[in-house]
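Here the structure is laid out as structure tokens; the discussion comes afterwards.
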Number of protein chains: 2
Amino acid sequence: MERAAVTARTSPESARDIPEATVARLPVYLRALVTLSEQGTATCSSEELAVAAGVNSAKLRKDLSYLGSYGTRGVGYDVDYLRYQIAREIGVTQDWPVVIVGIGNLGQALANYSGFRSRGFRVVALLDADPARHDAVVAGIDVRPFADLERIAREHSVAIGVIATPAVAAQDVADRMVACGITSILNFAPTVLNVPAEVDVRKVDLSIELQILAYHEQRKTNGAQNGAQDGAREGAQTA
Amino acid sequence: MERAAVTARTSPESARDIPEATVARLPVYLRALVTLSEQGTATCSSEELAVAAGVNSAKLRKDLSYLGSYGTRGVGYDVDYLRYQIAREIGVTQDWPVVIVGIGNLGQALANYSGFRSRGFRVVALLDADPARHDAVVAGIDVRPFADLERIAREHSVAIGVIATPAVAAQDVADRMVACGITSILNFAPTVLNVPAEVDVRKVDLSIELQILAYHEQRKTNGAQNGAQDGAREGAQTA
DNA sequence: CTCGGTTTGTTCTCGCGTTCACAAACTCCT
DNA sequence: AGGAGTTTGTGAACGCGAGAACAAACCGAG
Ligand SMILES: NC(=O)c1ccc[n+]([C@@H]2O[C@H](COP(=O)([O-])OP(=O)(O)OC[C@H]3O[C@@H](n4cnc5c(N)ncnc54)[C@H](O)[C@@H]3O)[C@@H](O)[C@H]2O)c1
Ligand SMILES: NC(=O)c1ccc[n+]([C@@H]2O[C@H](COP(=O)([O-])OP(=O)(O)OC[C@H]3O[C@@H](n4cnc5c(N)ncnc54)[C@H](O)[C@@H]3O)[C@@H](O)[C@H]2O)c1
């Protein structure tokens, strides 16, 4: 891995095959580093950063090692330098244009969310199929007809789309997005999307999260009644 | 596992140690079964259900085998029977009372979300620290002062809490929830929560999801420019 | 009853991810 | 300069989960 480290230092677009589990944690590290930076911390050890990110320090170091050798032994990591390196690796040193489709309860909340802009994303359009919603202004952005998707996607080179429509409409919306060249979809509708292999889909599903909590909750209370030997249940952050 | 299967058939509160990965998929199967049931399907094979749930059929069968032997070889699964068994296993045959704290953009959207009720959850209170929000009615429920948490949690035996406050307030809210006996928390604030080991925390983080998509998106476009040999990138649903 | 077709439940294997543990490397103090 | 103390980066061990493959079990026809 020594060679990889050197390559990472010299050529910006390097870093072969980062494990998916690591990729999912990089944003967490990035956020922790931003917080540390805002607090005026110049350097931090892997242990400090691990605590701030809520993970094991060994895991943190291994994750960072996939990006290169950005730390100094005996000292730790330069907060701003590491922050930049992770941001670059994730790809949020420039803003990504994003469209949100389905401007109902959830879509409006998302549009109003200020955390996007500051974390590498820019909402370029709000689209809805319901004419009654059109011409409304949400978070300073006009709500446009869904039919405008193709034009907007082309004009802004949109690669990422957010689906916040009812479940029945989600597959149609996804198909149209794919047809417009969108290759990454964040889906809030509780349904399975069928997309070509080159398109990435991530889903955020409220009910599933709650049901997972309910399962463990049931176990806790039943275990108490039942008197069964429940081993140490870890309450670690489960992503 | 033969013994476990028999036990599962006879005693309702059985099913030792279901793997976490399986637990996370049970809600997906449940939803697929509900859809199938509503379509009038009486029985289905593991292959059909797997397609509906967006997973491999071998994985599905293995997952279900942890609950017991609820299928019939050569036939498949009785949709309604399996649906009930999974619902019982997850613990959503009765409703769980839930409190939502932080009734801003996101909290209001959550309160208005009708999918909770139908999936085993009942919002019993909306709490906010801002007096300006009090006495507003969202989704037919009064917004109450945050100080009411203890009384409400006790009166309704609330075990599950949802945090939709700004990040800076999230840890305080979590501490108060834990003090009130809440042992499961769904956190929307982009921060790491410190809670006792017996408390389960699940987080839903928009920015992280988008950043993961951005990472892969960057790889796709860079790979094209670079002409590097990018192996077959799978676009499967990543939870 | 028997046989062919079908589908489940389970075993086995492989790869990924987590964690431990430690050598290498760096700083600071004497 | 050298040694003590600190922290990184990584090799190795281990456990969990994914998937292929197959025997066991069930149905229906004849
Ligand atoms: N509100 C929540 O907190 C919440 C929580 C979890 C999941 N969800 C899911 O998110 C999705 C949106 O929820 P919501 O509460 O905002 O629903 P909503 O009904 O308030 O809004 C849906 C919007 O989508 C629009 N729409 C419908 N079909 C469309 C189409 N084909 N193209 C474009 N727009 C279309 C509608 O006009 C409407 O404005 C749903 O699938 C819901 O299950 C919502
Ligand atoms: N809106 C979104 O789509 C979105 C997306 C991703 C993440 N988030 C996160 O969800 C959280 C809420 O987002 P939002 O857009 O609804 O923010 P918001 O500012 O609209 O609402 C926050 C609410 O929490 C209340 N609050 C503040 N401190 C409190 C306390 N100590 N106790 C109880 N209530 C308190 C405020 O009065 C306000 O009503 C934030 O952490 C945000 O980062 C929101």
Side-chain angles (χ1 to χ4, degrees), chain A residues 1-9 15-26 28-29 42-51 53-79 81-82 85 231 234 236-239, chain B residues 1-9 15-26 28-29 41-51 53-79 81-82 85 231-232 234 236-239:
Chain A
M1 277 303 152
E2 200 58 25
R3 192 172 45 77
V6 171
T7 312
R9 274 210 190 282
R16 288 298 102 201
D17 62 333
I18 296 180
E20 190 57 35
T22 296
V23 171
R25 282 188 295 267
L26 289 181
V28 180
Y29 304 153
T43 64
C44 69
S45 67
S46 65
E47 182 61 32
E48 290 173 88
L49 185 54
V51 168
V55 302
N56 187 297
S57 70
K59 181 153 53 177
L60 170 72
R61 287 199 300 277
K62 177 151 277 200
D63 284 342
L64 294 185
S65 76
Y66 290 113
L67 313 191
S69 292
Y70 294 134
T72 307
R73 301 181 186 210
V75 178
Y77 300 91
D78 182 291
V79 170
Y81 180 58
L82 183 58
Q85 292 299 337
E234 100 282 38
Q237 307 255 340
T238 45
Chain B
M1 279 300 152
E2 199 57 24
R3 191 171 48 76
V6 171
T7 312
R9 273 211 189 281
R16 287 300 100 198
D17 62 334
I18 295 180
E20 191 56 34
T22 297
V23 171
R25 282 187 294 267
L26 289 180
V28 179
Y29 303 154
T41 309
T43 65
C44 68
S45 68
S46 65
E47 182 60 32
E48 290 173 90
L49 185 53
V51 169
V55 301
N56 186 296
S57 69
K59 182 154 51 176
L60 169 71
R61 288 198 299 276
K62 181 176 261 196
D63 285 341
L64 294 184
S65 76
Y66 290 113
L67 313 190
S69 292
Y70 294 134
T72 307
R73 299 182 189 210
V75 178
Y77 300 92
D78 181 292
V79 171
Y81 181 59
L82 183 60
Q85 293 299 338
E234 101 280 39
Q237 307 255 339
T238 45

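Just so it is clear: chains get the letters A, B, ... in the order the sequence lines come, proteins before strands, and each one is counted from 1. Predicted, not measured: the structure shown is a model, and the values here were computed from it.
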Taking [atom1] from [X] and [atom2] from [N], how many angstroms apart are they, rounded to a whole number?
X: Leu64(B); N: dG9(C); atom1: CG; atom2: C1'; value: 10 Å
X: Tyr70(B); N: dT10(C); atom1: OH; atom2: P; value: 12 Å
X: Asp78(A); N: dC26(C); atom1: CG; atom2: P; value: 16 Å
X: Glu48(B); N: dT7(C); atom1: CD; atom2: P; value: 8 Å
X: Glu47(A); N: dT8(D); atom1: CD; atom2: P; value: 9 Å
X: Glu20(B); N: dG17(C); atom1: CD; atom2: C1'; value: 15 Å
X: Leu60(A); N: dT19(C); atom1: CG; atom2: C1'; value: 14 Å
X: Tyr66(B); N: dG9(C); atom1: OH; atom2: P; value: 13 Å

message = Nearest to the side chain of Ser65(A), heavy atoms from C-beta on, is which of dG17(D), dG9(D), dG9(C)?
response =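 Among dG17(D), dG9(D), dG9(C), the one nearest the side chain of Ser65(A) is dG9(D).
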Between [X] and [Y], is any pair of side-chain heavy atoms under 4.5 Å apart?
X: Leu26(B); Y: Leu67(B); result: yes
X: Leu82(B); Y: Leu64(B); result: yes
X: Val55(B); Y: Tyr29(B); result: yes
X: Arg61(B); Y: Tyr77(B); result: yes

query = Which parts of nucleotides 19-29 of chain D does protein reach within less than 4.0 Å, heavy atoms only, written one letter per nucleotide 5' to 3' as B for base, S for sugar-phosphate only and - for none?
reply = BBB--BBBS--
Minimum heavy-atom separation for [X] to [Y], with atom names?
X: Leu49(A); Y: Leu60(A); result: CB-CD2, 3.7 Å
X: Asp63(A); Y: Thr22(A); result: OD1-OG1, 2.7 Å
X: Ala50(A); Y: Ser57(A); result: CB-CA, 3.5 Å

DNA chain C: 5'-proximal contact among Arg25(A) and Gly76(B) (nearest heavy atom) =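 Taking each residue's closest nucleotide, the earlier one in sequence belongs to Gly76(B).
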message = Using OP1 and OP2 only, check whether a side-chain N or O of Tyr77(B) sits under 4.0 Å from dG9(C).
response =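 Yes, Tyr77(B) has a side-chain N/O under 4.0 Å of OP1/OP2 on dG9(C).
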inquiry  = Is there a side-chain contact between Ser46(A) and the phosphate of dT7(D), meaning an N or O under 4.0 Å from OP1 or OP2?
reply    =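 No, because none of the side-chain N or O atoms of Ser46(A) sits under 4.0 Å from OP1 or OP2 of dT7(D).
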